[in-house]
Amino acid sequence: MSAVNCLFCNIISGQIPCAKIYEDQHVLAFLDINPIAPGHTLVLPKPHYPTLLDLAPGQGEALLQALRKVGAAVQKATNAPGFNVMQNNFSAAGQVIFHLHFHVIPRFDNDGLPDWAGKPYADNAAMQRMAQAIASIL
Ligand code: AMP
Ligand code: ZN
């Protein structure tokens, strides 16, 4: 499965070049062209799934193992004490390329990258209502 006008499908097929990090039967990883930090890598399934919600059953294990492998290598190569794995779904969440991909970002203490500020629920009842609203859909 591939989409002709998808940039990442064209990278996977070799029509558009990339700085390749890792490839196996199911997964490709390459450097992000506009990195948040040097070594910022994208890890993606080869089939064209627009978002995480489209990922076919059974495809997750290969992705997760590639993320572990690539994450460890990015961390080692950049001497980073930590790394983030991030993944955007839909425009509101910052998704620009609609071929599922995970960002692996090396992190350093006090590197200036923004941390997400948490905001508590109004009270425990509000938290329970939210949990119920989500759980009732599953
Ligand atoms: P997202 O906002 O999660 O959809 O992320 C898309 C990412 O793809 C951005 O971080 C871009 O810098 C990156 N990107 C766009 N074009 C290329 C390319 N040709 N090669 C590598 N990374 C790219
Ligand atoms: Zn694609």
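Numbering of residues begins at 1 and proceeds along the displayed sequence. Counting starts at 1 for both ligands and their atoms, in listed order.
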Numbering as shown, the atoms of ligand 1 that approach [X] to under 4.0 Å (heavy-atom distance):
X     : value
Leu31 : 21 (C)
Phe8  : 8 (O)
Asn88 : 1 (P), 2 (O), 3 (O)
Asn34 : 12 (O)
Val96 : 1 (P), 2 (O), 4 (O)

Nearest protein heavy-atom contact for [atom]: which residue, which atom, what distance?
atom                    : answer
atom 2 (O) of ligand 1  : Gly94 O, 2.7 Å
atom 7 (C) of ligand 1  : Asp32 OD2, 3.5 Å
atom 16 (N) of ligand 1 : Leu7 CD2, 3.3 Å

Mind checking whether [X] has a heavy atom under 4.0 Å from ligand 1?
X      : result
Gln87  : no
Cys18  : no
Ile36  : no
His101 : yes

Evaluate [X] for polar contact with ligand 1, using N/O atom pairs at a separation under 3.5 Å.
X     : answer
Phe30 : no
Ile16 : no
Gln95 : no
Leu42 : no
Ile33 : yes

Side chain to side chain contact (heavy atoms under 4.5 Å, CB included) evaluation trace for Ser91 with Phe98: CA-CA 9 Å; Ser91 306; Phe98 283 79; 3.8 Å; yes
Nearest heavy-atom neighbours spanning [X] and [Y]:
X     : Y      : value
Leu55 : Leu100 : CD1-CD2, 4.0 Å
His99 : Lys46  : CE1-O, 3.7 Å
Asn88 : Gly94  : ND2-O, 3.7 Å
Ile21 : Leu31  : CD1-CD2, 3.9 Å
His26 : Pro47  : O-CD, 4.1 Å

Shell of protein N/O/S atoms around the Zn ion (ligand 2), taken as anything under 2.8 Å: Cys6 SG, Cys9 SG, His48 ND1, His99 ND1
Verdict with supporting geometry, Gln87 and Val85, side chain to side chain contact (heavy atoms under 4.5 Å, CB included): CA-CA 7 Å; Gln87 195 269 313; Val85 174; 5.9 Å; no
Value rounded to 0.5 Å, distance of CZ in Phe83 from CD1 in Ile105: 11.0 Å
Joint hydrophobic cluster, [X] plus [Y], side-chain heavy atoms closer than 4.5 Å:
X      : Y      : result
Ile12  : Leu42  : yes
Phe108 : Ile36  : no
Met127 : Ile134 : yes

Plane angle bin for His40 and His103 - parallel if under 30°, tilted between 30 and 60°, otherwise perpendicular: tilted
Steps toward side chain to side chain contact (heavy atoms under 4.5 Å, CB included) verdict (Gln128, Asn124): CA-CA 6 Å; Gln128 294 301 329; Asn124 187 51; 3.6 Å; yes
Pair Gln132, Arg129: side-chain N/O donor-acceptor within cut-off below 3.5 Å: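 Short answer, no.
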